[in-house]
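Below is one structure, written out as structure tokens; comments come after it.
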Amino acid sequence: MYDIKDIYEAKTVEDAIHALEADPQALVIAGGSDVLIKIREGKLAGCSLVGIREIKELEGVSLDGEGAVHIGPLTTFSHITFHPMIREKLPVLGYAVDQVGGPQIRNIGTIGGNVCNGVTSADSASTLFAHNALLELTGPGGKRTLPIEEFYMGPGKVALRPGELLTDIVITKENYEGFGGHYIKYAQRNAMDIATLGCAALCRLNREKNKIEEMRLAFGVAGPVPMRCKKAEELARGQKITQELFLLAADTAQDEVHPRTSWRASKEFRLQLVHELSQRALKEAVKKAGGAVND
């Protein structure tokens, strides 16, 4: 059923790196919800695998002394969704990863695998982009840190060097504190489907809760990689919360994205979704930040 040449189960990060150095063609497997499907379909037939599921240091959610949230790449979607720290500090991320597949997939699928697949439709991606997530990568040359925007290099292509592993996902305090957020996934079905478009919005308001101090707007499937709409974000800075602002932000975002036509949806339909979901996500983000929206 599964044409696998061999599999090595690593016990530590160093062990996994050595195994990947010894066999540069080997693939990393964690939950296996994507890799095993590709093997079964014959796309990765005869491959060698390095399993990292037993590396416990890569699991869990923690808070450091500076208030940054650390998410281990082996943390499952279900664990993230229900973790009290995520619910308190990053609720929109917990909600976004709860849109992945069904319960069985969320119980085995990991956020690290979701990121390292490099696909623009990943439900975690747009929310991590909106939060300016930092990725710690560990390889033969030691550790390095990349902003998530620099990690995605093209469809299914990421900036992992030979022998490297994703070992930490970090969201600093200034990138979540005071923000209200919302994520919307549009798909052909309500569950168990890949996103036709994903939209994440974050808003931080002034003390009076009537102006936007900072806004973040990110999309999946609006281009070859997940992306932020920086022009739309900038025009909203310092502006009063009005219907006109939401519409202007949506118009600007629509000009920034680069969707394509696929069997799931046409380019024109995705552009329409960008315009509509921008407004909906931003309104909900404002509400969750404590602001009022006149519908």
Side-chain angles (χ1 to χ4, degrees), residues 69 71 77 80-83 85-100 106 111 114 120-133 148 171 174-187 190-191 193-206 209-222 226-230 232-237 239-254 256-257 270 272-295:
V69 177
I71 305 172
F77 301 123
I80 291 170
T81 295
F82 295 108
H83 197 284
M85 189 180 301
I86 297 294
R87 289 189 163 188
E88 177 190 353
K89 301 184 183 303
L90 300 168
V92 63
L93 178 61
Y95 177 78
V97 300
D98 200 40
Q99 309 304 302
V100 178
R106 294 194 291 272
I111 191 169
N114 207 226
T120 185
S121 59
D123 286 301
S124 66
S126 56
T127 305
L128 290 173
F129 266 63
H131 281 293
N132 287 330
I148 194 168
I171 299 177
E174 60 267 27
N175 281 298
Y176 68 78
E177 189 173 55
F179 282 98
H182 191 60
Y183 174 73
I184 302 176
K185 174 180 180 176
Y186 182 93
N190 288 333
D193 202 0
I194 295 172
T196 302
L197 192 85
C199 175
L202 298 179
C203 286
R204 183 164 59 197
L205 309 181
N206 63 346
K209 304 296 182 182
N210 62 356
K211 290 184 179 180
I212 294 177
E213 282 191 350
E214 186 172 1
M215 182 261 278
R216 312 262 181 88
L217 186 62
F219 288 97
V221 210
M227 62 178 296
R228 289 266 296 275
C229 292
K230 300 292 182 69
E233 294 175 0
E234 186 58 34
L235 71 85
R237 192 184 302 273
Q239 298 300 310
K240 289 185 177 180
I241 300 167
T242 63
Q243 293 291 343
E244 290 75 19
L245 177 61
F246 295 132
L247 183 59
L248 181 58
D251 289 341
T252 306
Q254 198 173 41
E256 291 187 78
V257 298
R270 284 196 168 101
Q272 181 182 348
L273 287 175
V274 167
H275 197 266
E276 180 63 28
L277 298 191
S278 294
Q279 296 178 73
R280 294 187 187 185
L282 286 171
K283 288 177 182 179
E284 287 301 313
V286 166
K287 291 178 183 178
K288 290 176 181 177
V293 175
N294 296 318
D295 295 319

Side-chain donor/acceptor of Thr120 to backbone N/O of Val221, under 3.5 Å: yes
Residues that Glu276 engages under salt bridge (charged side-chain N to carboxylate O under 4.0 Å, His left out), provided they are two or more places apart: Arg280
Side-chain heavy-atom pair Val92, His131 within 4.5 angstrom cut-off: yes
Minimum heavy-atom distance between Ala253 and Ala232, given as atom pair plus value: N-CB, 4.1 Å
Euclidean distance, Ser278 OG relative to Leu247 CG, rounded to 0.5 Å: 10.5 Å
Interatomic spacing from SG in Cys203 to NZ in Lys288 - rounded to 0.5 Å: 11.5 Å
Heavy-atom closest pair, residues Phe129 and Pro226: CE2-O, 3.2 Å
Within-4.5 Å side-chain heavy-atom neighbours: Tyr186 and Cys199: no
Side-chain (Arg87) to main-chain (Gly94) donor-acceptor, under 3.5 angstrom: no
Nearest-0.5 Å distance, CD of residue Gln243 to CD of residue Gln279: 8.0 Å
Validation row: Lys209, Val286 side chains within 4.5 angstrom (heavy atoms): no
Exercise: identify the closest heavy-atom pair between Leu245 and Ala236: CD1-CA, 4.0 Å
Sole candidate of Glu174, Glu214, Glu177 that passes side-chain hydrogen bond (donor to acceptor under 3.5 Å, both in side chains) when paired with Arg204: Glu214
Within-4.5 Å side-chain heavy-atom neighbours: Leu93 and Tyr176: no
Validation row: Ile111, Leu128 side chains within 4.5 angstrom (heavy atoms): yes
Parallel, tilted or perpendicular: rings of Tyr183 and Tyr95 (30°, 60°): perpendicular
Over 12 foreign heavy atoms within 6.0 Å of NZ, Lys211: no
Nearest-0.5 Å distance, CD1 of residue Ile71 to NE2 of residue His83: 9.5 Å
Value rounded to 0.5 Å, distance of CZ in Phe179 from CE in Met215: 11.0 Å
Closest approach of Ala249 to Leu282 (non-hydrogen atoms, all atoms of both residues): CB-CD1, 3.9 Å
Gln99 backbone acceptor or donor facing Lys185 side chain under 3.5 Å: yes
Distance-minimising heavy-atom pair for Ala187 and Ile194: CB-O, 3.6 Å
pair Asn210-Leu205: side-chain heavy atoms closer than 4.5 Å: no
Note, Thr81 side chain near Arg106 side chain (heavy atom, < 4.5 Å): no
Under the ring-ring contact (aromatic ring centres under 6.0 Å, His included) test, residues paired with Phe77 that sit two or more places apart: none
Close side-chain approach of Asn132 and Ile171, heavy atoms under 4.5 Å: no
Pair Thr252-Glu234, side-chain contact (heavy atoms from CB on, under 4.5 Å): steps then yes or no: CA-CA 10 Å; Thr252 306; Glu234 186 58 34; over 6 Å; no
Note: Glu233-Lys230 ion pair, threshold 4.0 Å (strictly below): no
Straight-line distance of Thr127 OG1 to Leu202 CG, nearest 0.5 Å: 7.5 Å
Closest approach of Glu213 to Arg237 (non-hydrogen atoms, all atoms of both residues): O-CG, 3.3 Å
